[in-house]
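Okay, so here's the structure we're looking at.
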Amino acid sequence: MNHSTKGCVGFLGLGVMGREMARNLAQAGFLVRAYDVVAAAVTPLTAFGVEVAATLADATRDADIVISMLPDTPQVEEVVRGEAGLLQAPPRGKLYVDMSTIAPEATRKMCADLAAIGVTMLDAPVSGGPVGAKNASLTIMVGGEAEGVSRAEPYLRAMGTTLNHVGQSGAGQTVKLCNQLICGINIQAICEALALARAYDIDLSQMREVLLGGSAASWMLDKLGTSMIEGDTSAGFRIDLMMKDLRLVLEAAQKRPVPLPATALVASQYLDAQAHGEGRHGNQALFKVYDRMTGRDLTANQPG
Ligand code: NAD
């Protein structure tokens, strides 16, 4: 068996984000055994020394740390509570870090159940998207026991540049949901500004430059504003994922309860986009909802 002196990672979920994160771990010298329900997702990573695990248990059994990057709460529940899951077959290192964006409450329950059999679970969702994943420059928000955070830190540092321990189990997910709430509403605000400016024949590219120099500047306007002006719908962070996150935000808000009227409104607009078959577009493509509402096309009517 191949052993790394740095540690062995069982990595679960080799999608848009996970494949880059697993590659960075392998390139940082960790031994990575990767498992995805779609076996073909792992194959390209063998070029970077990542081992293909045929089953979940093959990836997790001998791992010092198990890391998951899965779509949503049910998939993480499956990895924890399923037939060959971590509750049935705990990893050797008794440390599990879920980096997906999922429900904080479900996270707390899984953390408590795993703690009962001696396994530490951390929630460590990320911000920074596929580019951040590729460049190992993710912002990572960690919830859970400090002892687990210390043990996980060398692995997390191979994937991100900003690492913050924000509280107990579930706190990382709550902070991530706040991040998504701000991102969604910010995109909506940019869509509205572009729709209004276009109706008054303003040069949208020049307006973006002007606004980036003032108090309306934002990451979204900087990184996604040009795509919105040019009508580029490519993903990026997909509308389906944004809608999933906004649903998690609203569910968490209802439990306490916290009224979030602006989030509820922007969630309706993302639902409109999904209903028009745009779920696989990048989340900046919310502008198409505004195209429909204004009866105009953002890409038309630009000064020559
Ligand atoms: P993705 O759909 O591209 O990848 C998920 C992968 O998990 C897929 O390859 C899928 O086959 C695999 N999978 C599903 N169920 C599984 C299971 N039970 N066991 C093993 N593998 C399984 O999604 P993504 O874009 O990589 O996002 C992953 C998570 O990261 C999501 O929670 C998302 O919200 C979050 N996130 C994504 C981005 C982004 O820009 N894409 C940014 C920040 C956070």
Side-chain angles (χ1 to χ4, degrees), residues 9-24 32-45 50 52-60 63 66-86 89 96-104 106-107 110 123-142 159-160 162 172-173 175-184 187 219-220 223-224 227 234-249 270 279-285:
V9 185
F11 202 105
L12 314 174
L14 288 303
V16 170
M17 298 292 286
R19 70 172 80 110
E20 305 292 350
M21 295 156 71
R23 179 185 49 74
N24 282 325
V32 180
R33 291 204 178 94
Y35 171 72
D36 194 293
V37 283
V38 179
V42 188
T43 319
L45 290 169
V50 172
V52 180
T55 65
L56 174 63
D58 287 346
T60 60
V66 173
I67 296 176
S68 57
M69 196 56 175
L70 299 164
D72 198 352
T73 314
Q75 291 78 27
V76 178
E77 295 267 8
E78 174 69 22
V79 157
V80 172
R81 303 186 189 284
E83 206 176 314
L86 301 180
Y96 171 44
V97 182
D98 176 40
M99 302 187 75
S100 334
T101 305
I102 69 163
T107 294
M110 285 186 276
D123 44 306
V126 305
S127 179
V131 174
K134 185 167 191 282
N135 298 336
S137 61
L138 292 167
T139 292
I140 307 176
M141 306 148 230
V142 191
M159 297 178 278
T162 310
Q173 293 296 354
V175 173
K176 169 68 183 179
L177 294 186
C178 291
N179 183 81
Q180 294 309 86
L181 171 169
I182 293 168
C183 291
I187 288 174
W219 190 99
M220 292 293 164
K223 309 284 192 229
L224 300 180
S227 302
S234 58
F237 186 74
R238 299 186 298 279
I239 279 174
D240 284 340
L241 281 178
M242 180 56 104
M243 192 52 231
K244 182 261 298 184
D245 290 353
L246 294 175
R247 171 179 54 75
L248 293 172
V249 171
Y270 275 109
R280 297 195 68 77
H281 289 175
N283 63 340
Q284 80 283 358

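Note that ligands are numbered from 1 as they come in the structure, with each ligand's atoms numbered from 1 the same way.
Counting protein heavy atoms only, atom 4 (O) of ligand 1 is closest to Gly15 CA, 3.2 Å. Of all protein heavy atoms, the one closest to atom 3 (O) of ligand 1 is Val16 N, 3.0 Å. For atom 22 (C) of ligand 1, the closest non-hydrogen atom of the protein is Leu70 CD2, 3.3 Å. At the top of the distance list for atom 18 (N) of ligand 1, counting protein heavy atoms only, stands Val37 CG1, 4.0 Å. Nearest protein neighbour of atom 39 (C) of ligand 1, counting heavy atoms only, is Phe237 CD1, 3.3 Å. In this structure, atom 23 (O) of ligand 1 lies nearest to the protein heavy atom Arg238 NH2, 4.0 Å. Among protein heavy atoms, atom 30 (O) of ligand 1 sits closest to Met69 CE, 3.0 Å.
Ligand-side atoms of ligand 1 in range of Pro130: 40 (O), range being under 4.0 angstrom from any heavy atom. Every atom of ligand 1 with a heavy atom of Val38 under 4.0 Å away is listed here by number and element: 11 (O). Near Leu241, meaning under 4.0 Å from one of its heavy atoms, ligand 1 places the atoms 25 (O), 33 (C), 34 (O), 41 (N). Proximity to Ser100 (heavy-atom distance under 4.0 Å) selects the following atoms of ligand 1: 32 (O). Taking every non-hydrogen atom of Gly129 and a distance limit under 4.0 Å, the qualifying atoms of ligand 1 come out as 40 (O), 42 (C). Those atoms of ligand 1 that come under 4.0 Å of a heavy atom in Lys176, given as number and element, are 43 (C), 44 (C).
Closest to atom 15 (N) of ligand 1 by heavy atom, among Met21, Gln180, Gln75, is Gln75. Of the candidates Thr101, Thr73, Thr139, Asn179, it is Thr101 that places a heavy atom closest to atom 35 (C) of ligand 1.
In this structure the side chain of Phe237 never reaches within 4.5 angstrom of the side chain of Leu224, judged on heavy atoms. Between Cys183 and Met242 the shortest side-chain heavy-atom distance falls below 4.5 Å. Side-chain contact check for Met17 versus Met99: every heavy-atom pair is 4.5 Å or farther apart. Residues Leu12 and Thr60 have side chains in contact (heavy-atom distance under 4.5 Å, counting atoms from C-beta outward). In this structure, Thr101 and Gln173 have side chains that are in contact, with non-hydrogen atoms separated by less than 4.5 Å. In this structure the side chain of Asp58 never reaches within 4.5 angstrom of the side chain of Val52, judged on heavy atoms. Within the 4.5 Å cutoff, the side chain of Arg81 has heavy atoms near those of the Met110 side chain.
The N/O atoms of Leu12, backbone and side chain alike, include none that comes under 3.5 Å of an N/O atom in ligand 1. Between Glu78 and ligand 1, not a single N/O pair is under 3.5 Å apart. Taking distance alone, with nitrogen or oxygen atoms compared against 3.5 Å, Asp36 approaches ligand 1 more closely than that limit. Residue Val126 has no N or O atom closer than 3.5 Å to an N or O atom of ligand 1. Between Met17 and ligand 1, at least one pair of N/O atoms sits closer than 3.5 Å.
Residue Lys244 places a heavy atom under 4.0 Å from ligand 1.
Listed by chain and residue number, Thr233, Ile239, His281, Phe287 satisfy the side-chain contact (heavy atoms from CB on, under 4.5 Å) test with Ala285 (two or more places apart in sequence, or in another chain).
Of the candidates Leu70, Thr107, Asp123, Val76 forms a side chain to side chain contact (heavy atoms under 4.5 Å, CB included) with just one, namely Leu70.
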Under 3.5 Å, sequence neighbours excluded: what are the donor-acceptor pairs made by side chains of residues 124-138?
unit_1: Asn135; atom_1: ND2; unit_2: Val131; atom_2: O; d: 3.4

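To the nearest 0.5 Å, atom CZ of residue Arg19 and atom CG of residue Asp36 are 9.5 Å apart.
When heavy-atom distances to ligand 1 are checked against a 4.0 Å cut-off, Glu77 has no atom that comes that close, whether in backbone or side chain.
Nearest heavy atoms, Ala22 versus Leu45: CB-CD1, 4.2 Å. Between Ala54 and Tyr35, the shortest heavy-atom distance links the atoms O-CE1, 3.6 Å.
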